[in-house]
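Below is one structure, written out as structure tokens; the observations come after it.
Owing to the predicted nature of the structure, the values given are computational and were not obtained by experimental measurement.
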Amino acid sequence: MTAKIAYDDIEVGTELPAQTFSVTRAGLVQYAGASGDFNPIHWNEKFAKEVGLPDVIAHGMFTMAEAIRVVTDWAGDPGAVVEYGVRFTKPVVVPNDDQGATVEVSAKVAAKLDDNTVRVDLVAMSAGQKVLGMSRAVVRLA
């Protein structure tokens, strides 16, 4: 597979379709099982509060993975992402209710690079706070 977006059709400033992702306690437990990360701050409210957190928080890598979906959906191929990095700036607090939390992700092409690649800058927000900083991906386009 290759990216479905043509490099020549993209300009700096192109906005990718924004997405909102739901984060629930059940989803965190499923992620813990898949990743092997059973740190109790991600599923045990009592423990999370005892260590100074406001509540259970989402795994940073889970948040990072959800955010890059904006890019992979846009590109049409997850393999088109050749580089991706973030800084974890704030936790995604996940209350124990029917709604959980949401992560709103927007992105735009920040630079056209060599070899049909572009740098995409992402913004991930939850509860009005930026949860990922310096979130950038390099994507190889068609």
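Contact between Pro54 and Val93 at its shortest, heavy atoms only, is CG-CG2, 3.6 Å. When all heavy atoms of Thr89 and Leu132 are compared, the pair lying nearest together is OG1-N, 3.4 Å. Ala142 and Ala3 get closest at one heavy-atom pair: CB-O, 3.4 Å. In plain terms, the two heavy atoms of Glu45 and Asn96 that are nearest each other are OE1-CB, 4.0 Å.
Contact of the Tyr84 side chain with the Thr72 side chain is not registered, since no non-hydrogen atoms from C-beta on lie closer than 4.5 Å. Between Val82 and Val139, the closest side-chain pair of non-hydrogen atoms is not below 4.5 Å. Phe21 has its side chain within reach of Val70: a pair of non-hydrogen atoms, C-beta onward, lies under 4.5 Å apart. The shortest distance between side-chain heavy atoms of Val118 and Leu113 does not fall below 4.5 Å. Between Met61 and Phe88, some side-chain heavy-atom pair lies under the 4.5 Å cut-off. Contact annotation: the side chain of Val56 never approaches that of Ile41 to less than 4.5 Å [non-hydrogen atoms, C-beta and beyond]. Inter-residue side-chain proximity for Val71 and Val81 is flagged as met; some heavy-atom pair is nearer than 4.5 Å. Between Thr14 and Val12 the shortest side-chain heavy-atom distance does not fall below 4.5 Å.
Linking ILVMFWY residues whenever their side-chain heavy atoms come closer than 4.5 Å, directly or via other members, places Val120 and Tyr7 in the same cluster. Leu122 and Phe62 fall within the same hydrophobic cluster, defined by Ile, Leu, Val, Met, Phe, Trp and Tyr side-chain heavy atoms under 4.5 Å apart, directly or through other members. Ile68 and Met125 fall into different hydrophobic clusters, where Ile, Leu, Val, Met, Phe, Trp and Tyr are joined by side-chain heavy atoms under 4.5 Å apart, directly or via other members.
Between the Asp37 side chain and the Asn39 main chain, a donor and an acceptor come within less than 3.5 Å of each other.
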Run the side-chain contact (heavy atoms from CB on, under 4.5 Å) check on Thr102 and Val23 step by step: do they pass?
-> CA-CA 6 Å; Thr102 57; Val23 184; over 6 Å; no
Assess whether side chain to side chain donor-acceptor pair (under 3.5 Å) is satisfied between Ser106 and Glu104, documenting all intermediate values.
-> CA-CA 7 Å; Ser106 60; Glu104 301 90 22; over 6 Å; no
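One distance of note links CZ of Phe38 with CG of Leu28; it measures 12.5 Å at 0.5 Å rounding. Between the NZ atom of Lys90 and the OG atom of Ser126 there is a distance of 12.0 Å, given to the nearest 0.5 Å. To the nearest 0.5 Å, the span separating CG on Asp97 from OG1 on Thr24 amounts to 10.0 Å. From Asp8, atom CG reaches atom CG of Leu141 across 9.5 Å, with rounding to the nearest 0.5 Å. Residue Lys108 holds its NZ atom at 13.5 Å from CH2 of Trp74, rounded to the nearest 0.5 Å. To the nearest 0.5 Å, the span separating CZ on Arg87 from CE on Met64 amounts to 13.0 Å.
The aromatic rings of His42 and His59 lie parallel to each other, their planes meeting at an angle below 30°, with 60° marking the opposite boundary.
Between Arg140 and Asp115 there is a salt bridge, since a side-chain N of the basic residue sits under 4.0 Å from a carboxylate O of the acidic one. Residues Asp55 and Arg25 are paired through a salt bridge, judged by an N-O separation under 4.0 Å between the basic side chain and the carboxylate. A salt bridge between Lys112 and Glu11 is absent, with no side-chain N of the basic residue lying under 4.0 Å from a carboxylate O of the acidic one.
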